[in-house]
Asks: 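One structure is given below, represented as structure tokens, and several questions about it will come after.
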Number of protein chains: 2
Amino acid sequence: MSDYEQQNVPPSSDSGRDALPPVTQHARQYETVRNAHETELIEDYVELIGDLIRHQGEARAADLASRMGVSQATVSKMIRRLKELGLVNSQPYRSLFLTEAGQTMAETSRARHDIVLQFLRALGVRDSTARIDAEGMEHHVSDETLAIMQQFTEKNAR
Amino acid sequence: MSDYEQQNVPPSSDSGRDALPPVTQHARQYETVRNAHETELIEDYVELIGDLIRHQGEARAADLASRMGVSQATVSKMIRRLKELGLVNSQPYRSLFLTEAGQTMAETSRARHDIVLQFLRALGVRDSTARIDAEGMEHHVSDETLAIMQQFTEKNAR
DNA sequence: TATAAAATATAGCCAAGGCTAACTAGTTAG
DNA sequence: CTAACTAGTTAGCCTTGGCTATATTTTATA
Ligand SMILES: [Mn+2]
Ligand SMILES: [Mn+2]
Ligand SMILES: [Mn+2]
Ligand SMILES: [Mn+2]
């Protein structure tokens, strides 16, 4: 009964600047983000396993835990998932290996990660900040944008 | 007993190019990403509610659902969370309002979102791609990088 | 070579963020 | 003014990705 309205500035045609995107396109934006989040962690783990093998000769669960900043139990559970997904091979209590599919994913992810990182550095972002930002951004950069970043980096300095 | 080793290329000093970051710093990268993911959705909802109010005069749960590409049940649950967090006010079955805190968050998020979007456009990314990428990237861009993006956009065209 | 320590695994708990199905409240048309 | 439709809520289920505590297995050391 009593009107509880608090403000309710009416549309008045064009209140703000940029209009809202069409509903379908808008929904696609968020859907893309949700999809990226589904694979993000998987990619980071696989990429890290690949990096550990390249840099230290082997990947142990304990290294994953300390580098990820997460408990060993969390890593253990994740490794089970990676095996189920056919990305990792290992015997219990032994170090980890990437399957063919895992190696492919690791390479793809690392390449993408590097492009984003180098782009940020080329833009003028400090190295430690660039590393942090790249870790999150890499999963949300389209191929189109990635290509443009790579060109930019090539042109602008090293 | 039998050796199951598959490859195991030893460290050989410097296998790859860029060395791995120190463990603590490396962990901080992933922690930052995890933190961003905790607030991401909240920010997107609040930002969207603000945008709907600005552009259509009110924000209804149904609009949130169609724009987010998600079921009404999901939105309803989220709204309860937003209320618990003190970001949103509403009576059951009525439209949504932002609290003071909610408005502040909406403005901050929108400003950040716009900077990232305009930066991508200035870089040369097509509009529809830029919108998709910005929706995910915005949550992983540090203040430092954001400032640099803004400068870049100002210098480089519109 | 026992035994202590370190690494890995498993169990069980929790919160977030999806979903469908069933129910309830508001709004609109006849 | 009632019936039908639309909008919003609630319940219950699921997966993901954290955690702690407790086993188990390997590895190192006395
Ligand atoms: Mn990452
Ligand atoms: Mn993300
Ligand atoms: Mn946004
Ligand atoms: Mn977003």
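Chain A is the first sequence line, chain B the second, and so forth, proteins listed ahead of strands; every chain is numbered from 1. Because only heavy atoms are used, hydrogens play no part in the values below, and waters and symmetry mates are left out as well, while side chains stay in.
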Asks: Nearest to the side chain of B/Leu41 - C/dC13, D/dT20, C/dG18?
Replies: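 For the B/Leu41 side chain, the nearest candidate turns out to be C/dG18.
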
Asks: I want to check one thing: is the phosphate of C/dC19, taken as OP1 and OP2, less than 4.0 Å away from some side-chain N or O of B/Ser71?
Replies: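 Yes.
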
Asks: Rounded to whole Å, please give me the gap between NZ in B/Lys77 and C1' in C/dT20.
Replies: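 To the nearest whole Å, that distance equals 12 Å.
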
Asks: Using the side chain to side chain donor-acceptor pair (under 3.5 Å) definition, which of the options A/Asn35, A/Asp44, A/Thr39 pairs with A/His139?
Replies: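 When side chain to side chain donor-acceptor pair (under 3.5 Å) is applied between A/His139 and each of A/Asn35, A/Asp44, A/Thr39, only A/Asp44 qualifies.
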
Asks: Give me, pair by pair, the N or O atoms of the protein and of nucleotides 4-6 of chain C that are less than 3.5 Å apart, along with how far apart they are.
Replies:
none

Asks: Whole angstroms only, please: what is the CD1-P distance between B/Ile79 and D/dG8?
Replies: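 So the two atoms are 8 Å apart, to the nearest Å.
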
Asks: Is there a side-chain contact between B/Thr74 and the phosphate of C/dG18, meaning an N or O under 4.0 Å from OP1 or OP2?
Replies: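 Answer no for this pair, as no side-chain N or O of B/Thr74 is under 4.0 Å from OP1 or OP2.
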
Asks: To the nearest 0.5 Å, what is the distance between CG (B/Leu87) and CG (B/Leu82)?
Replies: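 One finds 6.0 Å between CG of B/Leu87 and CG of B/Leu82.
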
Asks: Write down the distance between OH (A/Tyr45) and P (D/dT16), rounded to a whole number of angstrom.
Replies: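 My rounded result for the distance is 14 Å.
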
Asks: Start at the 5' end of DNA chain C and walk down; is the nucleotide closest to A/Arg34 or to A/Pro92 reached first?
Replies: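 Its nearest nucleotide being more 5', the pick is A/Pro92.
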
Asks: Separation of A/Arg67 atom CZ from C/dA7 atom C1', in whole Å?
Replies: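 Distance check: A/Arg67 CZ to C/dA7 C1' gives 17 Å.
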
Asks: Atom CG of A/Leu96 and atom CG of A/Leu64: how far apart are they, to the nearest 0.5 Å?
Replies: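 Here the rounded value is 6.0 Å.
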
Asks: Kindly say whether, by distance alone, the side chain of B/Tyr93 makes a donor-acceptor pair under 3.5 Å with the base of D/dT9?
Replies: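 Check fails, no donor-acceptor contact within cut-off.
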
Asks: Checking A/Ala65 now: which residues fulfil side-chain contact (heavy atoms from CB on, under 4.5 Å) with it, not counting sequence neighbours?
Replies: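 Once residues adjacent in sequence are excluded, the partners of A/Ala65 under the side-chain contact (heavy atoms from CB on, under 4.5 Å) criterion are A/Gln72, A/Val75.
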
Asks: In whole angstrom, what separates A/Asp44's CG from D/dG18's P?
Replies: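 One finds 10 Å between P of D/dG18 and CG of A/Asp44, rounded.
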
Asks: Round to the nearest Å and state the distance from A/Gln91 atom CD to C/dA7 atom C1'.
Replies: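 It works out to 16 Å between those atoms.
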
Asks: Check this for me, if you would: do A/Arg112 and A/Asp143 make a salt bridge, where the nitrogen-to-carboxylate-oxygen distance has to be below 4.0 angstrom?
Replies: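 Salt bridge: yes.
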
Asks: CD of B/Gln151 to CG of A/Leu123: how many Å apart, nearest 0.5 Å?
Replies: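 So the gap between those two atoms works out to 10.0 Å.
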
Asks: State which of D/dT20, C/dT10, D/dG18 makes the closest approach to the side chain of A/Arg80.
Replies: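 Side chain of A/Arg80 sits closest to C/dT10.
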
Asks: Which is true for A/Ala73 with a 4.0 Å heavy-atom rule: it touches a base, it touches only sugar-phosphate, or it touches nothing?
Replies: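 Base contact.
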
Asks: What residues form a salt bridge (charged side-chain N to carboxylate O under 4.0 Å, His left out) with A/Asp51, not counting sequence neighbours?
Replies: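 Once residues adjacent in sequence are excluded, the partners of A/Asp51 under the salt bridge (charged side-chain N to carboxylate O under 4.0 Å, His left out) criterion are A/Arg54, A/Arg110.
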
Asks: Take the angle between the ring planes of A/Phe119 and B/Phe119 and call it parallel below 30°, perpendicular above 60°, tilted in between.
Replies: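 Ring orientation of A/Phe119 relative to B/Phe119: tilted.
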
Asks: Taking only side-chain nitrogens and oxygens of B/Arg94, does any of them come within less than 4.0 Å of OP1 or OP2 of C/dG26?
Replies: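 Answer no for this pair, as no side-chain N or O of B/Arg94 is under 4.0 Å from OP1 or OP2.
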
Asks: Between C1' on D/dT16 and CD on B/Glu40, what's the gap in Å once rounded to a whole number?
Replies: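 Rounded to whole Å, this separation is 15 Å.
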
Asks: What's the NZ-C1' distance between B/Lys83 and D/dT10, to the nearest Å?
Replies: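 Distance check: B/Lys83 NZ to D/dT10 C1' gives 14 Å.
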
Asks: Under 4.0 Å between any heavy atoms, over every strand shown, what does A/Val75 touch: base, sugar-phosphate, or nothing? Just pick one.
Replies: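 Nothing: the residue A/Val75, judged by heavy atoms under 4.0 Å, touches no strand.
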
Asks: Closer to the 5' end of DNA chain C via nearest nucleotide, is it B/Met78 or A/Ala62?
Replies: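 With B/Met78 and A/Ala62 compared, the 5'-side residue is A/Ala62.
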
